[in-house]
Each structure stands twice: as structure tokens, then as C-alpha cells.
J.: 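First the structure, which I've put down as C-alpha cells, then a few questions once you've had a look.
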Protein chains: 2
Amino acid sequence: MNTFTEENYLKAIYHLSTQHDSVSTNQIAASLNTRAASVTDMLKKLADKRLINYERYQGVTLSPQGEKVALSIVRKHRLWEYFLVEKLNFKWDEVHEVAEELEHISSRDLVDRLDEFMGHPKFDPHGDPIPDKNGHFKANELKPVSSLSVNTTGIISGVREHSPAFLQYLEKIKLVIGKEIKVCEINSYDHSITLLLEDEMLYISRDVANNLLITL
Amino acid sequence: MNTFTEENYLKAIYHLSTQHDSVSTNQIAASLNTRAASVTDMLKKLADKRLINYERYQGVTLSPQGEKVALSIVRKHRLWEYFLVEKLNFKWDEVHEVAEELEHISSRDLVDRLDEFMGHPKFDPHGDPIPDKNGHFKANELKPVSSLSVNTTGIISGVREHSPAFLQYLEKIKLVIGKEIKVCEINSYDHSITLLLEDEMLYISRDVANNLLITL
DNA sequence: TTAAAAATTTAGATTAGTCTAAAAATAATA
DNA sequence: TATTATTTTTAGACTAATCTAAATTTTTAA
Ligand SMILES: [Mn+2]
Ligand SMILES: [Mn+2]
Ligand SMILES: [Mn+2]
Ligand SMILES: [Mn+2]
């Protein structure tokens with residue numbers, strides 16, 4: 001088995017890989033709040049274990065084996081988040097830190113039974129897809145609200161930013177997953193947006209619009 | 001906060017303390033499958049943190065602070081075991097190892113909400129009492145079946161031995177928690193016992209009788 | 001009450017993960 | 001292309017938890 005730390009590195013590499021082709025030492029260091037030198041050490045170890053493809057100075061990618069491990073961590077993380085919200089009445093901004101711990105519980109049986117218990121949910125509380133036991137999932141086709149043009153509608157389906165502050169803000173203005181919105185006006189100066197949400201007009205900044213994802 | 005390892009030491013000392021007044025280095029080493037030298041190192045650290053009372057060569061006891069921590073670990077362990085059996089359909093012999101990991105999840109909120117979700121259970125699947133959030137619990141007055149005399153009855157309420165092999169055996173012969181038994185005959189040669197369980201006669205060894213606990 | 005046995009502690013290493021500072025390689029740019 | 005800036009790696013050190021082997025203390029029992 002892999003250590004806690006190894007799992008966190010693999011997960012970080014996995015997440016960074018969804019945005020960049022190859023992942024750099026510095027990117028990993030930033031995402032794990034650690035130092036580049038520590039990352040290099042760990043990359044050597046993960047390469048020895050055939051979990052990543054790594055050549056000095058060239059960045060890394062996950063090996064098929066490493067991706068499998070990463071996906072199992074992501075699966076656990078998202079299933080636990082779903083459990084916390086749906087069964088234990090946590091708020092969506094309260095679950096991430098707890099799931100960061102729960103995702104390392106090793107029992108395969110546990111996660112599969114948990115999945116069963118909850119009826120095989122497909123998305124976590126933030127709209128992120130939950131891989132099945134084979135690591136498969138279908139991602140929604142998501143676009144930031146900021147990419148919509150005036151008079152188009154969409155359904156809130158995910159977030160790009162997971163900080164409690166952002167999630168709490170969305171909750172406060174009732175911009176939560178599942179709601180339909182319509183873009184009414186785009187301010188051409190600062191790209192802020194006025195939208196229609198359940199018969200109410202709502203004003204959001206460009207920043208918010210960038211981090212809020214919808215399906216058409 | 002305390003590390004996993006520190007928590008495991010405190011828990012081990014707690015359990016050993018229920019049987020002996022003061023706990024020895026070797027007892028801890030045996031219970032944690034580690035070496036006496038390692039235990040000594042850890043005892044120094046725990047003493048520095050005021051979690052135990054320790055004087056070289058004299059054995060240890062938990063400080064009030066240390067007992068509080070130990071009880072919170074025990075609470076989490078037993079609540080998770082209950083959850084696994086009652087909600088996820090684990091068997092009572094399958095939960096201990098998983099709970100050994102889950103007991104270290106730190107979120108206070110999580111364990112309290114889990115407790116709430118399950119309706120504040122008082123006993124875990126093995127009949128062990130679950131401390132409440134203040135560390136309080138009332139233990140049943142338990143006696144081994146081997147201490148009963150002929151023609152007395154009792155309700156199976158706990159086990160002294162938690163190995164999967166023992167638990168599976170009990171399950172197989174349907175000697176599970178909640179059932180009423182009556183002692184019919186005690187073999188004076190080997191102290192094996194014949195008892196009545198739901199109109200069926202059942203024969204158990206002295207060893208089993210010693211590790212099976214009842215309330216009157 | 002002393003000698004042997006058992007328990008415990010100390011000394012010195014090892015491994016995982018981390019760090020800072022310095023060196024080396026790569027990328028950017030003049 | 002040559003120089004500078006940035007990124008990455010190496011070197012060397014530190015902490016937590018562990019180990020074996022040796023020394024010390026306590027216990028047992030002759
Ligand atoms: Mn999360
Ligand atoms: Mn999430
Ligand atoms: Mn247990
Ligand atoms: Mn138990």
C-alpha cells in the first residue's frame with residue numbers, strides 16, 4: 001500500500017493533470033504547500049514505484065497504475081463529501097477538510113458499501129463527478145457563467161473554486177447547484193453580470209461568474 | 001493535536017488500565033506489537049505532553065487529560081463500528097480493523113453528527129459501551145458464562161475476545177448479542193457447558209464460556 | 001541478603017518526510 | 001547567441017517513530 005503522503009501527491013498530480021499536459025515540480029509544491037525540494041524527493045520515490053512517469057527537469061505524468069490510485073482517492077473523497085452532506089447534514093462548504101482525512105481510509109469494502117448505501121451517486125455536493133469502482137465517470141460538459149452571452153440560460157452544475165468563503169457566498173445568494181439562471185446583462189466595462197434567478201435579479205462579479213459552472 | 005501513534009498509545013494504556021492499576025512498558029509493547037524500547041521513547045513524549053503520569057521503571061497511568069483523549073478515540077471507534085454494522089451491513093467480525101483507521105479522523109463535528117444520525121447508540125456491536133461526547137458511559141454489569149451455576153439464565157451482552165475467528169464462531173452457532181441462554185449442565189472435568197438457546201441444546205468449551213459475557 | 005532473572009531504559013542506527021541553501025539545468029530575453 | 005532569470009535538483013540537516021544491542025534497575029528466589 002501507499003502512504004498517506006504518497007496518496008496526496010498522486011491526487012495533486014491527478015488534479016493538475018486535468019489542466020496541464022505535464023505537471024511541474026513547482027505546481028505540485030504550490031498545490032501541496034510544500035517546497036520544490038521535497039517534491040523532487042517524492043517524485044523519485046513515486047517513479048521507483050512506477051506510479052508516475054518522471055525524468056529530471058521534464059515534469060511528470062501519472063502512469064496507468066498511478067492514475068488508478070489517484071482515481072480511487074478522488075472517488076473516496078467525493079463519496080464521503082456526498083455522505084456528509086446527504087446523511088449527516090453538513091453544509092457544502094464544511095465537508096472538504098473532513099473528506100481530506102476520510103479519503104485515506106483504506107478499506108475497499110467500506111467505500112463500495114458506502115456507495116451502495118447512498119444509491120451510487122454520480123456527483124458530489126460541488127457538482128464534481130464521482131468515479132465508479134472501476135474509476136470510470138462521465139463528466140458533465142461544464143462552462144463558466146462568464147462564457148455565456150446575453151439571454152442564454154443554464155443550470156448551475158458546479159464550481160471551479162472550492163473555498164468555504166466562495167461556497168458560503170453562493171449559498172447566501174441562493175446560487176446553488178440545480179438552479180436555473182438566465183443572463184440578462186453583461187457589463188462591458190468590468191464583465192460583471194446581471195442574471196435572473198427564480199424571478200429575482202441578481203448581480204455577480206466577473207470573478208464569481210468565472211468560478212461558477214453551468215450546463216446548458 | 002496528537003499524532004495517530006500517540007492516540008494509539010493512549011488507547012492501549014486506557015484499555016490496559018481497565019484490567020491493571022498501573023500499566024507496564026512490556027504490556028504496552030505487547031498490545032501494540034512493538035518493542036519495549038520504542039514504548040519507553042513514546043512514554044517520555046506523552047509524559048512531556050502531560051497525557052500520562054510516568055516515572056522510569058514505575059509504569060504509567062493516564063492523566064485526566066490523557067484519559068479524555070483516550071475516551072474520545074474509544075468513542076469514535078465504537079460509534080464507527082456501530083455505523084458499519086447498522087448502516088453498511090458489515091458483520092460484527094469485519095468492523096474492527098476498519099474502525100482502527102476511522103477512529104483517528106479528527107473532526108469533532110463528524111463524530112457528534114454521526115452519533116446523532118444513529119440515534120445515540122449506547123453499545124457497539126460487541127456489547128461494549130459507547131462513551132457520550134463528555135466521555136461518560138454506564139457499563140453493563142457483565143459476567144462470563146463460565147461463572148454461572150447450573151439452571152441460571154442470562155442474556156448474551158458482550159465478548160471478552162474480539163478476534164474474527166471467535167466472533168464468526170459465535171455467529172455460526174447463533175450465540176449472538178441479545179439472546180437468552182440457560183445453563184443446563186457443567187462438565188466438572190473440563191468445565192465445558194451445555195446450555196439451552198431457543199429450545200436447542202448447545203455445547204460450548206470452557207474457553208468460549210470464559211470469553212462470552214452475559215447480564216442477568 | 002545476595003545472585004540470577006526479568007523488566008526497563010539508554011545508546012546508536014534507520015526510514016519517511018520535510019526543510020534551507022547551494023548547484024545545475026532549462027527557459028527567457030537582450 | 002550570450003547573458004540573465006527561473007526552475008529544478010542535490011547536499012546536508014532535522015523530527016517522528018521505529019529497531020537492535022547493551023546497560024541499568026527492579027524483582028524473584030535461592
Ligand atoms: Mn473536496
Ligand atoms: Mn467536492
Ligand atoms: Mn473494535
Ligand atoms: Mn467493538
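Residue numbering restarts at 1 for every chain, and letters A, B, ... go by the order of the sequence lines.
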J.: Could you tell me whether the phosphate oxygens of D/dA16, OP1 or OP2, come under 4.0 Å of any side-chain nitrogen or oxygen in B/Thr5?
T.: no
J.: For A/Asp41 and C/dT20, give me the distance from atom CG to atom C1', rounded to whole Å.
T.: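 Result: 13 Å.
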J.: Report the distance from atom CD of A/Glu55 to atom C1' of D/dT8, rounded to the nearest whole Å.
T.: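 Between C1' of D/dT8 and CD of A/Glu55: 14 Å.
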J.: Taking only the side-chain nitrogens and oxygens of A/Lys44, find out if one of them lies under 4.0 Å from OP1 or OP2 of D/dT9.
T.: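 Looking at the OP1 and OP2 atoms of D/dT9, neither is under 4.0 Å from any side-chain N or O of A/Lys44.
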J.: Please determine if a side-chain N or O atom of A/Ser24 lies less than 4.0 Å away from the OP1 or OP2 oxygen of D/dT8.
T.: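 It does, given that an N or O in the side chain of A/Ser24 lies less than 4.0 Å from OP1 or OP2 of D/dT8.
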J.: Need one value for B/Tyr9: base, sugar-phosphate or nothing, where a base atom within 4.0 Å counts as base even if backbone is also close, heavy atoms only.
T.: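 The residue B/Tyr9 makes sugar-phosphate contact but no base contact.
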J.: Salt bridge (Lys or Arg N to Asp or Glu O under 4.0 Å) with A/Arg75: which of A/Asp112, A/Asp132, A/Asp124?
T.: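 The passing option is A/Asp112.
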J.: Check the phosphate of D/dT10 against A/Tyr57, side-chain N and O only, distance under 4.0 Å to OP1 or OP2. Yes or no?
T.: no
J.: Can you see if the side chain of A/Arg56 gets near the phosphate of D/dT10 - specifically, an N or O under 4.0 Å from OP1 or OP2?
T.: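 Looking at the OP1 and OP2 atoms of D/dT10, one of them is under 4.0 Å from a side-chain N or O of A/Arg56.
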J.: Answer with base, sugar-phosphate or nothing: what part of the nucleic acid does B/Thr25 contact at a heavy-atom distance below 4.0 Å?
T.: sugar-phosphate
J.: Below 4.0 angstrom from OP1 or OP2 of D/dT20, is there any side-chain N or O of B/Arg35?
T.: yes
J.: Do A/Lys87 and A/Phe117 form a cation-pi contact, if we require the NZ or CZ to be under 6.0 Å from the six-membered ring centre and within 45 degrees of the ring's axis?
T.: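 Because its charged atom sits under 6.0 Å from the ring centre and within 45° of the axis, A/Lys87 does stack over A/Phe117.
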J.: Return the nearest nucleotide to the side chain of B/Ala37; candidates are C/dT26, D/dA21, C/dT8.
T.: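 The answer is D/dA21, which lies nearest to the side chain.
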J.: Over 60° means perpendicular and under 30° means parallel, so classify the ring planes of A/His126 and A/Trp92, tilted if in between.
T.: parallel
J.: Considering heavy-atom distances to DNA chain C, does B/Asn26 or A/Ala36 have its closest nucleotide positioned more toward the 5' end?
T.: B/Asn26
J.: What is the distance, rounded to the nearest whole Å, between atom CG of B/Leu43 and atom P of D/dT18?
T.: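 Rounding to the nearest Å, CG of B/Leu43 and P of D/dT18 are 12 Å apart.
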J.: Could you tell me how far apart B/Glu7 (CD) and D/dA16 (C1') are, to the nearest whole angstrom?
T.: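 Going from CD in B/Glu7 over to C1' in D/dA16 covers 15 Å.
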J.: According to a strict under-4.0 Å criterion, is B/Tyr54 in side-chain N/O contact with OP1 or OP2 of C/dT9?
T.: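 True: B/Tyr54 side-chain N/O within range (under 4.0 Å) of C/dT9 OP1/OP2.
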J.: With a cut-off of less than 4.0 Å, is there a side-chain N or O of B/Thr34 near OP1 or OP2 of D/dC19?
T.: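 Yes.
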J.: A/Asn2 CG to C/dA16 P: how many Å, rounded?
T.: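 Going from CG in A/Asn2 over to P in C/dA16 covers 13 Å.
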J.: Counting heavy atoms not belonging to A/Asn134, are there more than 12 under 6.0 Å from its CG?
T.: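 Check passes, neighbour count above 12.
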J.: Does NZ or CZ of A/Arg78 lie under 6.0 Å from the centre of the six-membered ring of A/Phe123, at an angle within 45° of the ring axis?
T.: no
J.: To the nearest Å, how far apart are B/Ile28 CD1 and C/dA7 C1'?
T.: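 Taking atom C1' of C/dA7 as the reference, CD1 of B/Ile28 is at 13 Å.
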J.: So A/Ser38, base contact, sugar-phosphate only, or nothing? Heavy-atom distance under 4.0 Å.
T.: base
J.: In whole angstroms, how far is the C1' atom of C/dT18 from the CG atom of A/Leu32?
T.: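 It is 13 Å, rounded to the nearest whole Å.
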